[in-house]
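All residue numbers refer to positions in the sequence shown, counting from 1.
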Amino acid sequence: MKIDKKSWQEGYEAGLRHQDPQPENTDVLSWHAGFLEGQAEAEKMKVKIHKEQLRRKTP
């Protein structure tokens, strides 16, 4: 499968922002692949921030 870099990037950024609607004129598979990776990255960042907050609260 060949990835369309522009569509993947748009999907990745949408995944980071948790915006689901796929824009027109993008490669469907590339956009969704980027979207899933963006969602995963956003979740990792959220967990990391949460762990840091817990460490600060613990004496």
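Among residues at least two apart or in separate chains, ring pair (Phe, Tyr, Trp, His ring centres under 6.0 Å) pairs with a member in residues 9-34 are W8-Y12, W31-F35.
Scored by the side chain to side chain donor-acceptor pair (under 3.5 Å) test, E37 finds no partners at all (sequence neighbours excluded). A search for side-chain contact (heavy atoms from CB on, under 4.5 Å) contacts involving L29 returns M1, D27, not counting sequence neighbours. With sequence neighbours excluded, no residue forms a side-chain contact (heavy atoms from CB on, under 4.5 Å) with E24. Every salt bridge (charged side-chain N to carboxylate O under 4.0 Å, His left out) that E43 has, sequence neighbours left out, goes to K46. Residues meeting the salt bridge (charged side-chain N to carboxylate O under 4.0 Å, His left out) test with E41, sequence neighbours left out: K44. With sequence neighbours excluded, no residue forms a side-chain contact (heavy atoms from CB on, under 4.5 Å) with K5.
M45 and L36 fall into different hydrophobic clusters, where Ile, Leu, Val, Met, Phe, Trp and Tyr residues are linked whenever their side-chain heavy atoms come under 4.5 Å apart, directly or through other members.
Looking at every heavy atom in both residues, K2 comes nearest to S30 through O-OG, 4.1 Å.
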